[in-house]
Amino acid sequence: MKRIYIAAVLILLAACSRLDENPEAVLTTDNFYSNEEEAKAAVTAAYRKLYESGQSLYNSLFQIGVEMATDDYEAGPRARNAHVRAISGLTHDASNDRMEQLWKQSYDAINVSNIAIDRIPLIAKDRITESVRSRLVNEAKFLRALHYFNLVRWFGAVPVVLHEPSSLDADALYVEKSPEAAVYAQIIRDLQDAENLPAPGDYSTGDIGRATAGSAKSLLAKVYLTQQDWQRAAAKSKEVIDRGWYALFPDFADVFNVSRKNGSEHIFSAQFQGNGGYQGNSLASRSAPNEVPGINGDYADALHKQGGLYESYGEGDSRRAVTFVTRMQSPADGSVYTFEPHFHKYYDPAVTGNQSQSSKNLPIIRYAEVLLMYAEALNETAGPSAAAYEAIDAVRQRSGVQRLQDIAPGLTREAFRDSVFQERRKEFVYEYQRWFDLVRRGPDYYVKTLKAAGKTLAAPRHIHFPTPQRELNLNPKLKQDPLWVNY
């Protein structure tokens, strides 16, 4: 992705992320959105909110704040933050600082998108081409939809804010929660607009990695799937498949190969460029072993061993060796060290001793997921059809395991559903998918699964996170989720 990080842009956008009584702040915003290059820089800054430095949304905050509350992950021995350990043990509450950051960073990112959506249409016609104007607005809508999709799944009902703040009036500053249905309706409207983005492959080299029509359609399919709108989920997934825009890499390892970034399987990813670039993928460091001299890993994100994930991979499944590592040669003393399984998808051999500078992208949505969404939606609509088996088997065969059609033909709808979720679990380890998959099957399923994995404090309230106490204190119109009152 073109990286246009101009100091003036960052100062401006920081100013726009809060309401300022100084009229000059508003004037500065007006002056900035004056031409095509400034509009492009502003939207590029909106992408930056996905993965900027520190514990940002797609640069470890998802893992720390969400995935720890599943059967696959736990706080590792070097995860010292009490709030992170609380999420891992399901003892978190509304005072948890990771919940606060999920909320705060998401709305900060939404505000940056809102400003772009409001301001770019006002640029004079002779200062920006109409095609670029439309594209940039729709990119910002895609990003806004992605953030609201995360928020509504994490917190349930949330405030919907669609414009930059323009007044100090309390009615403008304090926004009450919208029902989940209304949040989803807005997400769908934004993604339907974003479907008009360029097709994959239509961007110039410097802009590869931006949202495309394929990104919007794929995310829209996922929104429909989450809403259990099975027919629309199946139709939208099939549209992506039939377009022929994407294909699975023949080798699963290539999904996480730096030289294959933004390749045939990647629909939309958080873009990382470490080792002297802008920003490295900190998940590589958080998961790397700390007991191997010269590796210098943090080991803050650990496999929850009671969950049975590592053992679930069948004989010959190539995904396990890519997803996990159990032995490494020390670059410091040459010895080979063995240890319990560590996550390994983002380990970058180019930066052996400083994995915080890993240049591996983090997939937000990729083609394997479209195939599995299609299989799931078809099954829920009419049972496990031949097309549903074909979709799941494409993912299985790429990994070197037998087709489901060969080993379990004629499954019931319930059994096929379980097979899809098991495939998702093995395919998307450490890609911020597991918590969403567990909770969308409902509180009974989530609680049963977590308790079976030894996380015995699991309760129905855990399918959402509590509204952060800081937000309740700041906004008198916000109310706590009833299931989290008194916790």
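In what follows, every heavy atom counts, from backbone to side chain, and hydrogens, waters and symmetry copies are set aside. The chain is numbered in sequence order, starting from 1.
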Using 0.5 Å steps for rounding, measure from the [atom1] atom of [X] to the [atom2] atom of [Y].
{"X": "Phe155", "Y": "Glu180", "atom1": "CZ", "atom2": "CD", "result": "12.5 Å"}
{"X": "Arg461", "Y": "Asp481", "atom1": "CZ", "atom2": "CG", "result": "10.5 Å"}
{"X": "Arg153", "Y": "Leu151", "atom1": "CZ", "atom2": "CG", "result": "10.0 Å"}
{"X": "Arg48", "Y": "Leu143", "atom1": "CZ", "atom2": "CG", "result": "14.0 Å"}
{"X": "Ile187", "Y": "Tyr148", "atom1": "CD1", "atom2": "OH", "result": "9.0 Å"}
{"X": "Phe142", "Y": "Leu191", "atom1": "CZ", "atom2": "CG", "result": "7.0 Å"}

Is it the case that the side chain of [X] and the backbone of [Y] share a donor-acceptor pair, with hydrogens and angles ignored and the cut-off at 3.5 Å?
{"X": "Lys345", "Y": "Val429", "value": "yes"}
{"X": "Asn138", "Y": "Ser134", "value": "yes"}
{"X": "Gln355", "Y": "Ala284", "value": "no"}
{"X": "Asp118", "Y": "Glu164", "value": "yes"}
{"X": "Asp71", "Y": "Leu450", "value": "no"}
{"X": "Lys455", "Y": "Ser88", "value": "yes"}
{"X": "His163", "Y": "Asn114", "value": "no"}
{"X": "Tyr313", "Y": "Lys426", "value": "yes"}
{"X": "Ser359", "Y": "Gly274", "value": "yes"}
{"X": "Lys261", "Y": "Phe272", "value": "yes"}

Do [X] and [Y] have side-chain N/O donor and acceptor atoms under 3.5 Å apart?
{"X": "Glu67", "Y": "Gln63", "value": "no"}
{"X": "Thr467", "Y": "Lys177", "value": "yes"}
{"X": "Gln469", "Y": "Asn473", "value": "yes"}
{"X": "Thr70", "Y": "Asp72", "value": "no"}
{"X": "Ser318", "Y": "Arg398", "value": "no"}
{"X": "Thr212", "Y": "Ser215", "value": "yes"}
{"X": "Arg189", "Y": "Gln186", "value": "yes"}
{"X": "Gln271", "Y": "Asn262", "value": "yes"}

Quiz prompt | Stepwise side-chain contact (heavy atoms from CB on, under 4.5 Å) test for Val161 and Asn111 | solution = CA-CA 8 Å; Val161 181; Asn111 191 46; 5.9 Å; no
Report yes if the side chains of [X] and [Y] come closer than 4.5 Å at any heavy-atom pair, otherwise no.
{"X": "Tyr107", "Y": "His147", "value": "no"}
{"X": "Leu283", "Y": "Ser60", "value": "yes"}
{"X": "Leu146", "Y": "Tyr58", "value": "yes"}
{"X": "Asn81", "Y": "Asp97", "value": "yes"}
{"X": "Arg98", "Y": "Gln55", "value": "yes"}
{"X": "Glu431", "Y": "Leu362", "value": "no"}
{"X": "Leu372", "Y": "Ile392", "value": "yes"}
{"X": "Asp348", "Y": "Val258", "value": "yes"}

Quiz item: Hey, is Glu369 close enough to Arg366 for a salt bridge, meaning N to O under 4.0 Å?
Solution: no
Self-check item: Centroid separation Phe343 to Tyr347 less than 6.0 Å
Solution: no
Practice problem: State yes or no: are the ring centers of Tyr430 and His342 separated by less than 6.0 Å? | Solution: no
Self-check item: Qualifying residue, where the test is ring-ring contact (aromatic ring centres under 6.0 Å, His included) with Trp154 and the options are Trp103, Phe62, Phe465
Solution: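 Testing each of Trp103, Phe62, Phe465 against Trp154, the sole residue satisfying ring-ring contact (aromatic ring centres under 6.0 Å, His included) is Phe62.
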So which heavy atom on [X] is nearest to which on [Y], and how close?
{"X": "Pro363", "Y": "Ser269", "result": "CA-OG, 3.8 Å"}
{"X": "Val325", "Y": "His344", "result": "CG1-ND1, 3.3 Å"}
{"X": "Lys217", "Y": "Val240", "result": "CB-CG2, 3.7 Å"}
{"X": "His83", "Y": "Asn96", "result": "O-ND2, 3.0 Å"}

Around [X], counting heavy atoms of other residues, nucleotides and ligands shown, do more than 12 lie under 6.0 Å from its [atom1]?
{"X": "Gln227", "atom1": "CD", "answer": "yes"}
{"X": "Asp242", "atom1": "CG", "answer": "yes"}
{"X": "Gln397", "atom1": "CD", "answer": "yes"}

Quiz item: Please walk me through it: do Glu100 and Lys104 pass salt bridge (Lys or Arg N to Asp or Glu O under 4.0 Å)?
Solution: CA-CA 6 Å; Glu100 181 181 312; Lys104 178 179 178 296; over 6 Å; no
Quiz prompt | Stacked cation flag Arg425 on Phe421, 6.0 angstrom / 45 deg | solution = no
Quiz prompt | Ring-face cation contact, Tyr203 with Arg210, 6.0 Å cut, 45° max | solution =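 No cation-pi geometry.
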Quiz item: Which of parallel (below 30°), tilted (30 to 60°) and perpendicular (above 60°) describes Phe416 and Tyr389?
Solution: perpendicular
Exercise. Could you label the plane-to-plane angle of the Tyr446 and His462 rings as parallel, tilted or perpendicular, counting under 30° as parallel and over 60° as perpendicular?
Key: tilted
Who pairs with [X] by salt bridge (Lys or Arg N to Asp or Glu O under 4.0 Å), at least two apart in sequence or on another chain?
{"X": "Lys477", "result": "Asp171"}
{"X": "Arg85", "result": "none"}
{"X": "Arg286", "result": "Asp301"}

Self-check item: Candidate pair Asp193 and Arg144, rule salt bridge (Lys or Arg N to Asp or Glu O under 4.0 Å), full reasoning
Solution: CA-CA 12 Å; Asp193 285 347; Arg144 181 169 70 180; over 6 Å; no
Exercise. Go through Glu423 and Arg319 one step at a time and tell me if the salt bridge (Lys or Arg N to Asp or Glu O under 4.0 Å) criterion holds.
Key: CA-CA 11 Å; Glu423 214 59 48; Arg319 292 174 293 194; 2.6 Å; yes
Quiz prompt | Derivation and outcome, salt bridge (Lys or Arg N to Asp or Glu O under 4.0 Å), residues Asp418 and Arg441 | solution = CA-CA 11 Å; Asp418 288 341; Arg441 294 189 72 172; 2.9 Å; yes
